[in-house]
Peer 1: 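Got a structure for you, written out below as structure tokens; questions coming shortly.
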Amino acid sequence: KNVGTYGGLHLFSPDEKQFAYYKFASPALDRDLPGDALGITVVDIGTGRETLVTDNAQDGQPVAFSADGKKLYYNSASTSVYSLWVVDLASRDVKQLTKEALDPSINKNPLISSNGKTMVSSSEEGIGMLTFDDKGEVSSAKLIPKGTDARWLKKDEIITYRAQGKGGTYWEFISVN
């Protein structure tokens with residue numbers, strides 16, 4: 001089934017039955033102008049039904065669905081700091097997860113541990129690693145400068161990433177535990 005969208009930054013759910021994207025007000029406005037955006041929309045691929053899950057034009061890039069597909073992480077500039085937020089897709093409750101400019105930014109398709117307590121992403125700044133407590137609050141934020149290409153070496157235990165040093169490129173490891 002063809003589903004038309006006005007916007008960009010499409011992100012598929014883990015079961016590939018829905019996708020999220022940054023929605024623009026109309027096809028004529030299909031460009032990256034903040035005043036033209038509506039927020040983040042989730043589309044059911046089977047039915048084509050669209051649901052606007054955030055209604056703030058400053059809510060930008062969808063980053064990741066939770067492993068169970070019930071929450072959507074996204075970046076937003078709705079406060080003075082571009083930060084990571086999460087929306088519960090059933091209740092539409094939103095929560096700001098990072099609040100300081102020094103928090104590492106999280107880009108599209110980060111690594112998320114099975115228990116949802118660790119999120120790792122590569123960005124221009126390096127590798128950003130967020131750890132969440134039992135309430136879903138960020139308990140620690142770590143930035144590893146000059147790291148790229150993060151991936152699981154052993155799921156939920158060890159992350160490997162490419163680092164740059166005087167001798168060239170090499171692989172480093174981070175224990176998630």
Peer 1: Would you say that Phe19 contacts Val42 through its side chain, given a criterion of any heavy-atom pair below 4.5 Å between the two side chains?
Peer 2: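 They are not in side-chain contact.
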Peer 1: In plain terms, say whether Lys117 and Asp133 are close enough for a salt bridge, that is, a side-chain N and a carboxylate O under 4.0 Å apart.
Peer 2: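 Asp133 and Lys117: not salt-bridged.
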Peer 1: To the nearest 0.5 angstrom, please state how far the CG atom of Leu89 sits from the CD1 atom of Ile40.
Peer 2: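 Reported value, rounded in 0.5 Å steps: 10.0 Å.
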Peer 1: Looking at CG of Leu97 and OG of Ser83, how far apart are the two atoms once the value is rounded to the nearest 0.5 Å?
Peer 2: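 With rounding to 0.5 Å, CG (Leu97) is 8.5 Å from OG (Ser83).
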Peer 1: Counting distance only, does the side-chain N/O of Thr98 pair as donor-acceptor with the main-chain N or O of Leu84 below 3.5 Å?
Peer 2: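 Side chain of Thr98 to backbone of Leu84, a donor-acceptor pair under 3.5 Å: yes, one is there.
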Peer 1: Could you list the donor-acceptor pairs under 3.5 angstrom formed by side chains in residues 161-174, with sequence neighbours left out?
Peer 2:
residue : atom : partner : partner atom : Å
Arg162  : NH2  : Asp149  : OD2          : 2.9
Gln164  : OE1  : Thr169  : OG1          : 2.8

Peer 1: Going by side chain to side chain contact (heavy atoms under 4.5 Å, CB included), name the residues that satisfy it together with Lys155, two or more places apart in sequence or in a different chain.
Peer 2: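 Ser114, Trp152.
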Peer 1: Nearest 0.5 Å please: distance from the CG atom of Leu153 over to the OG atom of Ser175.
Peer 2: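 Rounded to the nearest 0.5 Å, the CG-OG separation comes to 11.0 Å.
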Peer 1: If you take all heavy atoms of Gly39 and Leu52, which pair is closest and at what distance?
Peer 2: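 Scanning both residues completely, I find the closest heavy atoms to be C-CD1, 4.2 Å.
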Peer 1: Test side chain to side chain contact (heavy atoms under 4.5 Å, CB included) on Thr160 and Arg151 and set out the steps.
Peer 2: CA-CA 6 Å; Thr160 184; Arg151 58 186 74 177; 3.5 Å; yes
Peer 1: What are the two closest heavy atoms between Ile112 and Ala64, and how far apart are they?
Peer 2: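 That closest heavy-atom pairing would be CD1-CB, 3.6 Å.
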Peer 1: What pair of heavy atoms forms the shortest contact from Ser113 to Asp156, and how long is it?
Peer 2: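 Closest approach of Ser113 to Asp156, heavy atoms only: CA-OD1, 3.2 Å.
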Peer 1: Just checking, is any N or O donor in the side chain of Glu50 or Thr41 under 3.5 Å from an acceptor N or O on the other one?
Peer 2: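 There is no such pair (donor and acceptor under 3.5 Å, judged by atom type) between the side chains of Glu50 and Thr41.
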Peer 1: Give a yes or no answer on whether the side chain of Thr47 reaches the backbone of Arg49 with a donor-acceptor pair at less than 3.5 Å.
Peer 2: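 Yes, because the side chain of Thr47 sits within donor-acceptor range (under 3.5 Å) of the backbone of Arg49.
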Peer 1: I need the Ile127 CD1 to Thr148 OG1 distance, nearest 0.5 Å.
Peer 2: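 Here the rounded value is 6.0 Å.
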Peer 1: Start with the C-alpha distance between Tyr21 and Val43, add both sets of side-chain angles, then the distance that settles side chain to side chain contact (heavy atoms under 4.5 Å, CB included), and finish with yes or no.
Peer 2: CA-CA 8 Å; Tyr21 74 101; Val43 177; 3.6 Å; yes
Peer 1: In Å and rounded to the nearest 0.5 Å, what is the CG to CE distance from Leu111 to Met119?
Peer 2: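 Here the interatomic distance stands at 10.0 Å.
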Peer 1: Can you see which heavy atom on Asp44 is nearest to which on Gly46, and at what distance?
Peer 2: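 Minimum heavy-atom separation between Asp44 and Gly46: OD1-N, 2.9 Å.
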Peer 1: May I ask you to check whether Thr54 and Asn56 show a side-chain donor-acceptor distance below 3.5 Å?
Peer 2: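 No, no side-chain donor-acceptor contact under 3.5 Å.
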Peer 1: Can you check whether Leu130 reaches Ser140 side chain to side chain, under 4.5 Å on heavy atoms?
Peer 2: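 No, too far: nothing below the 4.5 Å cut-off.
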Peer 1: Drop me the distance from Tyr22's OH to Tyr74's OH, to the nearest 0.5 angstrom.
Peer 2: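 Here the rounded value is 12.5 Å.
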Peer 1: Quick one, Val86 and Leu72 - any side-chain contact, counting heavy atoms below 4.5 Å?
Peer 2: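 No, too far: nothing below the 4.5 Å cut-off.
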Peer 1: Backbone N or O of Lys71 within a donor-acceptor pair of the Ser66 side chain at under 3.5 Å?
Peer 2: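 At least one qualifying donor-acceptor pair exists.
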Peer 1: Has the side chain of Ser13 got a donor or acceptor atom that lies under 3.5 Å from a matching backbone atom of Gln18?
Peer 2: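 Such a contact is found between Ser13 side chain and Gln18 backbone.
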Peer 1: Can you classify the ring geometry of Phe132 versus Tyr73 as parallel (below 30°), tilted (30 to 60°) or perpendicular (above 60°)?
Peer 2: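 Correct class here is tilted.
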Peer 1: How would you list all residue pairs meeting salt bridge (charged side-chain N to carboxylate O under 4.0 Å, His left out) that involve residues 85-96, not counting sequence neighbours?
Peer 2: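 Listed once each, the pairs are Lys95-Glu137.
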